[in-house]
Amino acid sequence: MDTILSIAASNLLSPLILFFVLGLAASLARSDLSVPEAVAKGMSLYLLFAIGFKGGVGVAENGASAALGMALIAGVVLSAALPLVAFVLLRGITGMGRTDAAAVAGHYGSISIVTFVAASAVLAERGIAHEGYMVAVAAAMEAPAILSALWLASRGGRDAATTAAEPGLWREIMLNGSIVLLLGSFLIGWVTGPDGMAEISGFIVDPFKGVLALFLLDMGLIAGRGLRESRGVLGPGALLFGVVMPPVGAAFGLAAGLLLGLSTGGLALLMVLSASASYIAVPAAMRVALPEANPSIYLTLSLGVTFPFNLTLGIPLYLAVASAATGG
Amino acid sequence: MDTILSIAASNLLSPLILFFVLGLAASLARSDLSVPEAVAKGMSLYLLFAIGFKGGVGVAENGASAALGMALIAGVVLSAALPLVAFVLLRGITGMGRTDAAAVAGHYGSISIVTFVAASAVLAERGIAHEGYMVAVAAAMEAPAILSALWLASRGGRDAATTAAEPGLWREIMLNGSIVLLLGSFLIGWVTGPDGMAEISGFIVDPFKGVLALFLLDMGLIAGRGLRESRGVLGPGALLFGVVMPPVGAAFGLAAGLLLGLSTGGLALLMVLSASASYIAVPAAMRVALPEANPSIYLTLSLGVTFPFNLTLGIPLYLAVASAATGG
Amino acid sequence: MDTILSIAASNLLSPLILFFVLGLAASLARSDLSVPEAVAKGMSLYLLFAIGFKGGVGVAENGASAALGMALIAGVVLSAALPLVAFVLLRGITGMGRTDAAAVAGHYGSISIVTFVAASAVLAERGIAHEGYMVAVAAAMEAPAILSALWLASRGGRDAATTAAEPGLWREIMLNGSIVLLLGSFLIGWVTGPDGMAEISGFIVDPFKGVLALFLLDMGLIAGRGLRESRGVLGPGALLFGVVMPPVGAAFGLAAGLLLGLSTGGLALLMVLSASASYIAVPAAMRVALPEANPSIYLTLSLGVTFPFNLTLGIPLYLAVASAATGG
Amino acid sequence: MDMHEAKRVEITIEAVMQKRLTDALKAAGVSGYTILPVRGGSGRSGEWSREGQVSRAGGMVQVVCIIRPDRLDPLLEAAFSVVERHIGVVCVTDCNVLRAERF
Amino acid sequence: MDMHEAKRVEITIEAVMQKRLTDALKAAGVSGYTILPVRGGSGRSGEWSREGQVSRAGGMVQVVCIIRPDRLDPLLEAAFSVVERHIGVVCVTDCNVLRAERF
Amino acid sequence: MDMHEAKRVEITIEAVMQKRLTDALKAAGVSGYTILPVRGGSGRSGEWSREGQVSRAGGMVQVVCIIRPDRLDPLLEAAFSVVERHIGVVCVTDCNVLRAERF
Ligand SMILES: Nc1ncnc2c1ncn2[C@@H]1O[C@H](COP(=O)(O)O)[C@@H](O)[C@H]1O
Ligand SMILES: Nc1ncnc2c1ncn2[C@@H]1O[C@H](COP(=O)(O)O)[C@@H](O)[C@H]1O
Ligand SMILES: Nc1ncnc2c1ncn2[C@@H]1O[C@H](COP(=O)(O)O)[C@@H](O)[C@H]1O
Ligand code: NA
Ligand code: NA
Ligand code: NA
């Protein structure tokens, strides 16, 4: 408990969190502070490029045991299963309709890469190592949740089976830009290893945290705008779900990670992935395949409630639990 | 005098100035060289982020005496008072109408953050320290001048009182993006101190001057385009004002800074702030509140005349005077 | 031969090439991975800024002998003459019409700055020095080829003489943004020398290769999209031309470079310039002056065939030949 | 297909005035609008371009509003009250829309 | 100058649906279209803006299609099949074009 | 409100030709125009998109020009002289404007 609090405290006062809070406050106060779309996308490409490459170099340095394959499978299973948990929880706590609940559930099975990046930064700062292949697990967890969400929605009569079969949708999901860049950079980092790292570390290591801080400022701005514009959309039940589901997801991640025998850092990251909710890949897929679901609900929950929760309290919590569980 | 010349000479041959000149020359020669709007805005966010944070870390390191409060008050007073000086000077030298003159005067009470940034870079290069809280003073000086400008305009019969009372305008001015980011980064730098700096210095320190050089290239391009498109808008009187007002403003800054007992570096920066003219916050406010004022006049004076003057001759001049005045 | 293969192998496994391949693969697989236009332009400005400045600092450090002037003249002659070679080759191999062939030929006389940048990075990695003024030669080679292309097109009856005389076209070509930024940065680097470099090396040296890798990812995306959309536009003859012309151009560059007495690195770079094909300045000029020429042909050849060829096989080949030729 | 008559109102206005305009439109009962970016332009107040700008004062936007014909007058009055003292252009075109219940 | 009657169809639609819409248009025999970026907007599903977005789900685009009048119906049917379940606006205007052979 | 008849001319043209077009328009006495960015499109010369482009050759823009009806012909002639050999679309719509003295 002591650890959690001390990690949480130092976490809360890091520039990363504070810039997120600045963005949130600025947009709740209706400041016109804003980051151009192209710059935000550029930073997002940078983060995927850097985190993927670093993960690959990590694998090149430490070797990938059979554990890599097992971890990928675990990721796929978690991503596919967590929406069911989320759906049941959500329908239990709130009176949300099936389609909206299915769409929300899909977000919680999938992952938020920036939460993962922020957690990696916390690990790096505390000198806790982790399996480099966790970024591949992150990529593997992006898409399966979408399938589960469509299945959940279709059980209510909506013919999601047809939708899911729609030409192009699956290609779009599996080959979406973030997955391709993350996995591609991972593979390139793996192939080129420490030599490759030496070539580009002046770009992907030195300025990394600063870019992340600026990106979190933008996330704060968007989250705040979302909260402002969708006031009244989320009832207290939904808000409760937004902070209860992350630890629940993390618990599943913990169980899976212990089965896999991950290190403390790897375990914490798998918990973070399980706890986080998508705000890029899944919303896009839902707009295409479940247009009747209200985007205000799932975007506000994912970006406005769960993301800040994980960033501030979740990460230290999961890290403390992972430390305790691995005796680290 | 010798010092001024030597500072000016080394200043004129620094990459910063030369890239500004390159931009100016390119756009006067009608090259199609241009920086995308999003990239220019991104660099501007970066500079505010970095300079604010560094200022805050400076305060965390050296402590903020009561002088911080006094300096803020001095900044507000300077910003509110300088437009009156500028207005009288402008109406004396030129036959400019009241509304245009009021709008121009507002720009000279407020500040140009990139001039401030360039001056900080010169100080850093010469190893001259300054009070970190000067960035807070810069933020405090952004807005009061606008009030003075509206008051000046309203005395001519135009009902600026109503305009100023317009819902939203004051919120917009006080919470404009640059002020919020500058002050927010300053506070975060203050809170996180040297530890925070260690985390993100690879982003905000190492590449800083290079980004500034590229940004100044863009400023040169815009200034040149403005000069080209508004040829004939400014008479010789207005041009004279554009190079006379900065030293006059600097003299007021000098007096205030000596009263405050600032260090050589802090004094030079207060002179720079007083001498510089806004090209972001004030033009936007003027378009809303004084749409009758001709933007070609105030933008050309601020960006095309005063900014280059301060960048090339002003900064070395103010620094030399500040050194002499503090016996530094 | 051994050298070529070993250079080629290590070249093929560098992050630079692999990110290009990733982009190519992603876009051939129809991933939606994309880089915003503003970010791509921003990176392109960065690369011109950095490579120009470094070249200038190189001249400041080593002095520019008369060789600079001679090299510029050689560059202009190569750029003007190579389109004639390309035109004859193209008309020999394919049945391409005069206008299209002239437009393509213009591209091969001019240069691709990113190929030049990639070659410089390979040289730097292997510790092979080169004349800093080669970037000025690169700038000098951008435009003359356009004149040759218009002359070639006009011989077929089209009144290109009138077009070429069109007001504005020549100013546009000579003062196009890339030439101005490249030459301007070169001059500023020359004037400010190692001192200037010390000021901004944290921006233009440390992150350089990483930015180049990300830029090459985007080049791969664009090249792949071009290949995909223009399938069928290029016959086998044209494809053959796209890989035969670069070594032919390089041979001319070799001859010129030996006459000039360039170092191994300088020789390799002159070969690279001669071998590379423009994809920025010349296409724009062709759209204005030869709108009848089909852009799919020249863009696909330049960006989809010749650029990848040079990046992967060409650069190591030219470097090995240059080493052998200078006994280096 | 089933089409319904409507009006397409296109208002070109300074970006700093955008929020004031859309607030006025909403107050006048306008149910929807779309905002297009503008790259540059020229008019009595000279030529301008978006490139390289950092100033919020620089740019313009286009607000496009599709409405039922009977709602045109309140919309124009609302727009005019904002545009009046400012530079900007208001242009109205007859059009037809699908799904008229939305307007 | 020699002008020809035509229809200008302007479809405002979510960016994620862009490719589906243009594919449907092509299948309906539409020979050309132009896509404009959209900065923000407001409608029954609330207000939104492009700024700072990284999500592909966020934005909208405008697809403008100029066609010969007799081709309007197939185009509208194609468009409607895509827009039907989604948010979006379809607006048709009479216009005149130069070089009619192109449409 | 007091409206006046006018013409809205929308010219979609390659970005490299933009300055030539606006110069020709000014020479033909056009007093104002607005330039919209274009994200992509498709036509007889194939499909294209703005994303990731660094080449100046790549993109297109839309020049929108609102004029008094009697000025249409010189405008179209000026536009046609520039567009003639190039790809591009010219589309004219009837419209109504506020503040007619501006056009
Ligand atoms: N006749 C016009 N047609 C289209 N846009 C115009 C016209 N006149 C003005 N504009 C736009 O409105 C802006 C301001 O116009 P003005 O108030 O005349 O300076 C210009 O920069 C153009 O973007
Ligand atoms: N009446 C309208 N006029 C112009 N654009 C509209 C209108 N209604 C909706 N839109 C656009 O279509 C988007 C979705 O509208 P809606 O489906 O009503 O939420 C809005 O964000 C606007 O960009
Ligand atoms: N029918 C059309 N409707 C709208 N835009 C068009 C149309 N045809 C062509 N365009 C635009 O004009 C560009 C060039 O067309 P084209 O000359 O047919 O290749 C296309 O990329 C589109 O942006
Ligand atoms: Na999850
Ligand atoms: Na001032
Ligand atoms: Na060449």
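Letters go in sequence order (proteins before strands), and every chain restarts at 1. Note that this is a predicted model, so its numbers are computed, not measured.
- Contact annotation for C:Ser201: neither backbone nor side-chain heavy atoms come within less than 4.5 Å of a heavy atom of chain B.
- With a 4.5 Å cut-off on non-hydrogen atoms, C:Val180 touches chain B through its backbone and its side chain both.
- The shortest distance between side-chain heavy atoms of B:Leu33 and C:Leu45 falls below 4.5 Å.
- A 4.5 Å side-chain heavy-atom check between C:Leu175 and B:Asp32 finds every atom pair outside the cut-off.
- Under the 4.5 Å side-chain criterion, counting only non-hydrogen atoms from C-beta, B:Leu13 is not in contact with C:Asp195.
- Of all non-hydrogen atoms in B:Pro15 and C:Glu199, the two that sit nearest each other are CD-OE2, 3.6 Å.
- Contact of B:Leu22 with chain C is made through the side chain alone, with heavy-atom distances under 4.5 Å.
- Counting all heavy atoms, side chain and backbone alike, C:Ser185 lies closest to B:Phe19 at OG-CE2, 3.5 Å.
- With a 4.5 angstrom heavy-atom cutoff, B:Leu212 does not touch chain C via any of its atoms.
- The nearest pair of heavy atoms linking B:Ala213 to C:Phe49 is CB-CZ, 3.9 Å.
- Remark: B:Leu18 CG to C:Trp190 CH2 distance equals 14.5 Å, nearest 0.5 Å.
- Each of C:Ile204, C:Leu187, C:Leu181 has some count of heavy-atom pairs under 4.5 Å with chain B, and the biggest count is that of C:Leu181.
- No part of B:Phe208 comes within reach of chain C, as not one of its non-hydrogen atoms sits under 4.5 angstrom from that chain.
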